[in-house]
Participant: 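This is the structure I have questions about; it appears just below.
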Amino acid sequence: MSITHTPPSGRHGVVIIGSGFGGLFAAKALRRADIDVTVIDRTTHHLFQPLLYQVATGILSEGEIAPSIRMILRKQTNTAVRLGEVTKIDLNGRTVTSTDHGRTTVTGYDSLIVSAGAQQSYFGNDHFAEHAPGMKTIDDALELRGRILGAFESAESTTDPVERERLLTFVVVGAGPTGVEMAGQVAELAHRTLVGAYRNIDTRDSRIILLDAAPSVLAPFGSHLGEKATRTLTKIGVDVQLGAAVTDVDRDGLTVRQPDGTERKINAVCKVWSAGVAASPLARHLADQTGATLDRAGRINVNDDYSLPGHRNVFVIGDMAARDGLPGVAQVAIQGGRYVARQIKTEVTATANRKPSPIRRPFVYKDKGSMATISRFNAVAKMGRLRLAGFAGWILWLAVHVAYIVGFRSRLTTVLSWTWTFLGSWRGQLTITQQQVAARNAIGKLHRIQREERTIYEAVTRAS
């Protein structure tokens, strides 16, 4: 079934693909404009992705970091939300094709903002995903929670000491902010929260390993903060192993290559992948139509105003866009979303007043710093020349994350959950089900089939 959707008012129509930080903040910036906005996304929620690891480790519920897009935008009368996965963008025809449960919708646009984000990258080894899930979606986080807590349950039941050791070994691949935060919270879960909860095992016997092929932890933060983070991780029980490149992942563990070329096996049931990201396949789809180039992460190179070459009305922002080496972090997406919304509003107003469109000033990113939490009351933060570690860094991390959680209710419940967790040892989100892992595997297989079919279709289309 196919439906063609055109904004009913005849006003300038803006389509936004993606409701992450870039897409959502662009939509909110257009709330008072004389413009019709349509937000298209595969999910019904806006995800505060930097806190996914806290869902995976039982600190927060998914609702606290993933409020409904419709509820966020419900008072924004010029905005409609459509559920669907974008399968085609026709730049010449100015249409976006999306599908949802067998229904295909074609939406016309005057201006287009593409903010479809990024997905986990396994550097060409996508089969690793079955045994080492990434952490990009709510489904990922819930699956990981099931795997982590399920490993403790299985260890409690087994009488085989070798199997128990394998079950109580947790490996996080990637020593960037996500990997550091995940390893730190698994360590606190094992060495603090779950202590005394089991009768046949001591969760403090768990081994938490943080792997990275790089020579340092948190490389973008600089050597000083990286060394502080490494010392703190070691102190709370994380085994940091650097210069270790993962060459294989299977059900039983990982194979790691050392700098000298030798390989060794780490036996572990529960593995977490946080080593790389790749832009949405829509970046290549747009590159094929515009001749724009892609970087190594699959991000499309854009103009200095975030527009695509030859298409002044099409903007790509967030993790999909490559521009001046800007990092794929929330602040870049937020500022980019607000910037392109201003350009669209300014030009629509000029057209309505029969004035020429003003010359666009290039986007200028204002770096508000980077931060990562390691354990309770301990984080590192880099803001300009300022470097903070320990409790001061944690207070700053806390304030920034509370400020950017969307919605007052979400902020309130998140602060309450953090209070229980950080001041005591209780975590309120330790419920798991078999379906979170079993059904997730079935969904993963379905998505792989769909990706393969889409790849074949795109190859045939390009050839013809």
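Note that the numbering runs from 1 along the sequence shown for the chain.
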Participant: With a cut-off of 3.5 Å and sequence neighbours excluded, list every side-chain donor-acceptor pair involving residues 171-186.
Facilitator:
from, atom 1, to, atom 2, distance (Å)
E181, OE2, T373, N, 3.1
Q185, OE1, R427, NH1, 3.4
Q185, OE1, R427, NH2, 2.7

Participant: If I compare all heavy atoms of I236 with all of S375, which pair ends up nearest, and what's the gap?
Facilitator: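 For I236 versus S375, the nearest heavy atoms are CD1-CB, 4.0 Å.
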Participant: How would you list all residue pairs meeting side chain to side chain donor-acceptor pair (under 3.5 Å) that involve residues 268-280, not counting sequence neighbours?
Facilitator: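 Non-adjacent pairs meeting side chain to side chain donor-acceptor pair (under 3.5 Å): zero.
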Participant: Residues in side chain to side chain contact (heavy atoms under 4.5 Å, CB included) with R166, at least two apart?
Facilitator: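 With neighbours one apart ignored, the set is E163, R251, D252, N267, V269.
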Participant: Would a distance-only check, ignoring hydrogens and angles, find a side-chain to backbone donor-acceptor pair under 3.5 Å from N301 to T293?
Facilitator: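 Side chain of N301 to backbone of T293: a pair is present.
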Participant: Under the side chain to side chain donor-acceptor pair (under 3.5 Å) rule, collect the residues that match up with W394, sequence neighbours excluded.
Facilitator: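 Expected list: none.
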Participant: Which pairs count as ring-ring contact (aromatic ring centres under 6.0 Å, His included) when at least one residue sits in residues 167-221, sequence neighbours excluded?
Facilitator: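 Pairs touching residues 167-221 that pass the test: F152-F170.
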Participant: Considering residues, nucleotides and ligands other than R296, do more than 12 of their heavy atoms fall under 6.0 Å from its CZ?
Facilitator: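 No, not enclosed.
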Participant: Side chains of Q54 and Q429: closer than 4.5 Å at any heavy-atom pair?
Facilitator: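 No. Closest side-chain heavy atoms not under 4.5 Å.
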Participant: Taking side chain to side chain donor-acceptor pair (under 3.5 Å) as the cut-off, I'd like each qualifying pair that reaches into residues 330-342, sequence neighbours left out, listed once.
Facilitator: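 Listed by first then second residue: Q331-Q335, Q331-Y404.
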Participant: Kindly write out the residues that satisfy side chain to side chain contact (heavy atoms under 4.5 Å, CB included) with D205, not counting sequence neighbours, or none if the list is empty.
Facilitator: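 Testing D205 for side chain to side chain contact (heavy atoms under 4.5 Å, CB included), a comparison that skips the adjacent residues, returns D202.
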Participant: Sequence neighbours left out, what pairs pass salt bridge (Lys or Arg N to Asp or Glu O under 4.0 Å) with at least one residue falling in residues 223-245?
Facilitator: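 Listed once each, the pairs are R207-D239.
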Participant: Return the set of residues passing ring-ring contact (aromatic ring centres under 6.0 Å, His included) with F123 (not counting sequence neighbours), or none when no residue passes.
Facilitator: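 Once residues adjacent in sequence are excluded, F123 has no partner under the ring-ring contact (aromatic ring centres under 6.0 Å, His included) criterion.
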Participant: Listed by chain and number, what are the side chain to side chain contact (heavy atoms under 4.5 Å, CB included) partners of A297, not counting sequence neighbours?
Facilitator: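 Side chain to side chain contact (heavy atoms under 4.5 Å, CB included) check on A297 returns D295, R299.
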Participant: Test of understanding: with side chain to side chain donor-acceptor pair (under 3.5 Å), list the residues that count as partners of R387, not counting sequence neighbours.
Facilitator: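 Applying side chain to side chain donor-acceptor pair (under 3.5 Å) to R387 gives none.
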Participant: Has D319 got a side-chain atom pairing as donor or acceptor with A279's backbone, closer than 3.5 angstrom?
Facilitator: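 Checked: no pair found.
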Participant: Scan the side chains in residues 376-383 for donor-acceptor partners under 3.5 Å anywhere in the protein, sequence neighbours excluded, and list what turns up.
Facilitator:
from, atom 1, to, atom 2, distance (Å)
R376, NH1, F422, O, 2.5
K382, NZ, P220, O, 3.0

Participant: Would you say that I201 contacts L167 through its side chain, given a criterion of any heavy-atom pair below 4.5 Å between the two side chains?
Facilitator: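 Answer no - side chains too far apart.
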